Amino acid sequence: MNRFEAPFPRGNCPVFSFGPDDKSVPVVLFFPDAFGPREASFAVADEIAAQGWRVLMPDQFYDAIPYEPLTPKSLFEEGPERDRVMQMFMSVTMAKIDEDVTAMLALASEQSAPDVAFAALGYCMGGRYALSAVTASARVKFAGAF
């Protein structure tokens, strides 16, 4: 895994890259769930990359950096941690998703040969991003939302 930052609409976005750094390799835009990039999503990205894909994963909460890591457990316990997670989750509007998808598509295009196809994969909250990506660019040949 490599981490770099890319200019996005609301600031610099950390992007995690998995797989070969080769402009001819098909790209999967991986949009994580409401807990953002973390070990569980990195493990899935590694599996996809092992199949020969290049995977790019943004941190959809880049405009809140720095922030404490989000954990699934926090959603199920009342208190300030749950409130913080819900506030971050609710701050992601459809307009922000569309802007970020446009930025991810531009980034993937810059890092790929012109004829390379893209796929978009989203888990839970990330599904909105994946479905937006497939409607935003003809280069996205497949989208999946889990």
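The model shown is predicted, which means the values in this text are computed figures rather than measured ones. Because only heavy atoms are used, hydrogens play no part in the values below, and waters and symmetry mates are left out as well, while side chains stay in.
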**Message:** Strictly distance-based, threshold 3.5 Å: is any side-chain N or O of T135 a donor or acceptor partner for the main-chain N or O of S132?
**Reply:** yes
**Message:** Restricting to non-hydrogen atoms, name the atom on A133 and the atom on V140 that form the minimum distance, rounded to 0.1 Å.
**Reply:** O-CG2, 3.5 Å
**Request:** State, to 0.1 Å, how close R139 and A113 come at their nearest heavy-atom pair, and which atoms those are.
**Result:** NH2-O, 2.7 Å
**Prompt:** Under 3.5 Å, side chain of Y62 to main-chain N/O of R10, donor-acceptor pair present?
**Reply:** yes
**Prompt:** Can you tell me if K23 uses its side chain to pair, donor with acceptor, with the backbone of P114 under 3.5 Å?
**Reply:** no
**Item:** Minimum-distance pair of heavy atoms, taken over all atoms of F61 and M88
**Value:** CE2-O, 3.4 Å
**Asked** Are side-chain heavy atoms of D59 and F8 found at a separation under 4.5 Å?
**Response** no
**Message:** Minimum heavy-atom separation for A130 and G144, please, with both atom names.
**Reply:** CB-O, 3.7 Å
**Request:** Answer whether the closest heavy-atom distance between the side chains of D100 and F31 falls below 4.5 Å.
**Result:** no
**Request:** Identify the two heavy atoms, one from L107 and one from V15, that lie closest to each other, and give their separation to 0.1 Å.
**Result:** CD2-CG2, 3.9 Å
**Message:** With heavy-atom distances below 4.5 Å as the criterion, would you say the side chains of P26 and K141 are in contact?
**Reply:** no
**Request:** Answer yes or no: is there a side-chain heavy-atom contact under 4.5 Å between P58 and Y129?
**Result:** no
**Request:** Side-chain contact test, heavy atoms from C-beta onward, threshold under 4.5 Å: evaluate it for L56 versus M104 and give yes or no.
**Result:** yes
**Prompt:** Can you tell me if S41 uses its side chain to pair, donor with acceptor, with the backbone of P37 under 3.5 Å?
**Reply:** no
**Asked** So does M90 have more than 12 non-hydrogen atoms from other groups sitting under 6.0 Å from CE?
**Response** no
**Prompt:** Which residues satisfy the salt bridge (Lys or Arg N to Asp or Glu O under 4.0 Å) test with D21, sequence neighbours excluded?
**Reply:** R54
**Message:** For L105 versus S137, what's the shortest heavy-atom pair and its separation?
**Reply:** CD1-CB, 3.8 Å
**Request:** Please say whether more than 12 non-hydrogen atoms of neighbouring residues, nucleotides or ligands are located less than 6.0 Å from CZ in F4.
**Result:** yes
**Hydrophobic cluster of V28, others only, ordered by chain and residue number, side-chain cut-off 4.5 Å** = M1, F16, F18, F30, F42, V44, I48, W53, V55, M57, L121, Y123, F146
**Prompt:** Backbone N or O of D33 within a donor-acceptor pair of the Q60 side chain at under 3.5 Å?
**Reply:** yes
**Request:** For side-chain contact (heavy atoms from CB on, under 4.5 Å), just list the numbers for V27 and Q111, CA-CA rounded to whole Å, side-chain angles, deciding distance to a tenth of an Å, and then say yes or no.
**Result:** CA-CA 9 Å; V27 175; Q111 296 189 0; over 6 Å; no
**Request:** Please collect all side chain to side chain donor-acceptor pair (under 3.5 Å) contacts where either partner lies in residues 83-92, sequence neighbours excluded, each pair once.
**Result:** E81-R84
